[in-house]
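One structure below.
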Amino acid sequence: MNTSQNKVCQNCKNEFHIEPEDFEFYAKIKVPPPTFCPDCRLQRRMAWRNERSLYKRTCDLCKGSVVSIYSPDKPHIVYCDNCFHGDGWDPLSYGMDVDFSRPFLDQYRELQLKVPRLYAFVFNNVNSEYVNGAAFNKNCYLIFVSDHNEESMYSYSIFNCKNMLDSLNCSESELCYESVTCKKCYRVYYSQDCNDSQNLYFCKNCVNCHDCVGSVNLRNAQYVIFNKQYSKDEYFKALKELGLESRNSLAELKSKARNSWPRFISKYIHGLQNKDVVGDYIFNSKNVVRGFDSELLEDSRYINFGNKAKDCYDGYVVVDNCELSYEVTSAIALQNVKASYCVWHDFNVQYSDTCENSNNLFGCVSLRKKEYCILNKQYTKEEYERLLPKIIDHMNAIPFKDAKGRIYKYGEFFPVELSPFAYNETAAQEHFARDGQMAKDAGFLWRAQDVKNQKAEISPAELPDTIAGIGDDIAGKSIGCEHEGKCNEQCSLAFRITPDELEFYKKMNIPVPMLCQNCHVCRRKKRQRFVYKRARAFP
Ligand SMILES: [Zn+2]
Ligand SMILES: [Zn+2]
Ligand SMILES: [Zn+2]
Ligand SMILES: [Zn+2]
């Protein structure tokens with residue numbers, strides 16, 4: 001088709017646009033055009049990815065204790081790493097015949113509830129039990145989607161960092177606190193988009209700077225406060241007067257800095273070395289539409305957290321050379337994979353979940369090194385190729401219909417009600433926050449929070465203004481969250497500070513926080529990416 005087309009989203013009923021290039025892509029990978037708009041498709045994919053909700057539970061095979069992304073009350077069978085990758089079970093023993101009298105995805109759901117699943121996504125971490133989406137970390141605690149870090153806590157998407165706390169999207173940095181999208185930084189606090197810098201507070205887009213406060217767009221600068229140059233002596237005198245160790249002063253400085261940011265010129269997107277891209281936080285990419293937090297994308301659209309992907313559409317976390325793939329979540333090294341979740345080193349795979357080093361799978365769960373399987377049943381190549389078009393026709397003739405009446409024909413991602421996770425356990429909640437009623441109204445699962453019987457021993461109002469007034473005995477005590485559960489951020493009402501965390505605050509002279517982790521993360525992570533068409537400011 002060489003004209004664009006407007007369609008009404010089956011889910012939100014808003015109009016969305018399909019371009020001629022999109023039709024070409026859909027034809028190339030042999031799927032019909034989508035019936036959900038791009039945002040609804042993204043939420044649907046994100047609602048399958050539990051990144052941060054961890055629970056203590058037992059492995060259903062060896063009965064050992066694990067920290068898992070599956071709460072103990074989930075209906076799924078969950079195995080620890082050893083059991084999942086061991087020889088004590090055979091995923092093909094759960095194989096099912098295709099029943100052409102009822103929707104295929106109904107049968108997939110049945111299979112999904114029978115076949116054991118991997119407890120979490122962790123690999124080669126040392127002394128770092130409470131992490132997920134994490135590999136090669138040492139002595140880390142509650143870090144997520146993060147690799148190759150040491151002694152870091154409460155952070156998301158950090159890579160090759162050391163001693164980081166409460167940071168997001170940072171790499172090759174050390175001793176940073178509450179910093180976002182910083183690279184090669186040292187002792188950078190409450191700052192954003194800074195590179196190769198040290199000793200910064202509340203700075204934005206500073207490169208190769210040191211000892212600056214509240215400043216924006218600096219290059220090779222030092223001793224600057226709110227974009228005003230000081231001598232070295234004046235700077236340190238002024239710094240003392242700012243009272244950076246006081247929670248109250250920090251709050252004032254933070255709002256002063258944030259309020260000043262709009263006065264400065266911003267580059268139209270955050271990105272470098274791109275050609276023909278529309279998106280944000282995108283690097284070394286070519287011919288991309290709506291690519292976010294990504295690098296090395298080519299001829300791709302609607303990708304969040306992509307790295308090395310070519311000819312891919314609709315992906316959330318798509319890395320390590322994915323090609324010709326569509327509607328995938330948690331995807332590593334794929335060729336021609338569609339509508340799948342947690343697929344690694346696969347080709348010609350569709351509607352599959354947690355399958356690795358496999359090819360030619362359709363509707364399979366937890367398979368490794370397999371080929372020509374449908375619903376975990378082994379076929380010959382000839383049988384598989386004969387059945388496949390029949391199943392696709394069947395998915396269109398008797399499609400899955402969810403509780404909200406939405407129709408899932410061949411080509412759509414898995415329905416949200418088949419997600420193993422509740423909306424508020426997943427990345428969807430952090431990018432598109434909803435309350436329980438809103439989520440249920442939209443057909444998502446919702447998990448009531450565990451009732452925590454932790455009465456706060458210390459109320460946030462009792463916390464001293466600086467770390468100096470805090471004794472070592474605060475570690476382990478429960479502190480009430482300032483939000484008191486009145487927010488929409490999964491507030492856990494109370495929280496505890498670990499001894500390592502307390503040591504960090506003392507070393508950095510930072511007051512202890514007044515918010516629980518969930519509230520903290522939500523505040524920091526409210527970062528749904530947008531692109532706007534705007535007129536040029538200057539003719
Ligand atoms: Zn929509
Ligand atoms: Zn086990
Ligand atoms: Zn809270
Ligand atoms: Zn809150």
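Computation of the quantities below employed the complete heavy-atom set of this structure, encompassing side-chain atoms and omitting hydrogens, waters and symmetry-equivalent molecules.
Listed by first then second residue, pairs satisfying salt bridge (Lys or Arg N to Asp or Glu O under 4.0 Å) with a partner in residues 265-275 number zero, not counting sequence neighbours.
Every residue two or more places apart in sequence or in another chain was checked for a salt bridge (charged side-chain N to carboxylate O under 4.0 Å, His left out) with Arg434, and none qualifies. In terms of the salt bridge (charged side-chain N to carboxylate O under 4.0 Å, His left out) criterion, residue partners of Lys74 (sequence neighbours excluded) are, by chain and number, Glu425. Phe264 meets the side chain to side chain contact (heavy atoms under 4.5 Å, CB included) test with Val216, Asn217, Asn227, Ser260; sequence neighbours excluded. In terms of the side chain to side chain contact (heavy atoms under 4.5 Å, CB included) criterion, residue partners of Lys401 (sequence neighbours excluded) are, by chain and number, Ile407. With sequence neighbours excluded, the residues satisfying side-chain hydrogen bond (donor to acceptor under 3.5 Å, both in side chains) with His483 are Glu489. Residues that satisfy the salt bridge (charged side-chain N to carboxylate O under 4.0 Å, His left out) test with Lys369, not counting sequence neighbours, are absent from this structure. For the side chain to side chain contact (heavy atoms under 4.5 Å, CB included) test, residues two or more places apart in sequence or in another chain that qualify with Ser157 are Phe159, Asn169, Phe305. Taking the salt bridge (charged side-chain N to carboxylate O under 4.0 Å, His left out) definition, one finds that Lys204 meets it with nothing, sequence neighbours left out. The side chain to side chain contact (heavy atoms under 4.5 Å, CB included) check on Ile77 picks up Asp60, Tyr79, Pro116, with sequence neighbours excluded.
Under a 4.0 Å N-O distance rule, the pair Glu417/Lys404 does not qualify as a salt bridge.
Checked by atom type, the side-chain pair Asn287/Arg301 shows no donor-acceptor distance below 3.5 Å.
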Identify all side-chain donor-acceptor contacts of residues 28-35 below 3.5 Å with residues at least two apart in sequence or on another chain.
from, atom 1, to, atom 2, distance (Å)
Lys28, NZ, Asp311, OD1, 3.3
Lys28, NZ, Asp311, OD2, 3.4
Thr35, OG1, Gln10, NE2, 2.8
Thr35, OG1, Glu412, OE2, 2.6

Which side-chain N or O atoms in residues 389-396 pair as donor and acceptor under 3.5 Å with protein atoms at least two apart or in another chain?
from, atom 1, to, atom 2, distance (Å)
His394, NE2, Arg102, O, 2.7
Asn396, OD1, Tyr410, N, 3.1
Asn396, ND2, Ile392, O, 3.4

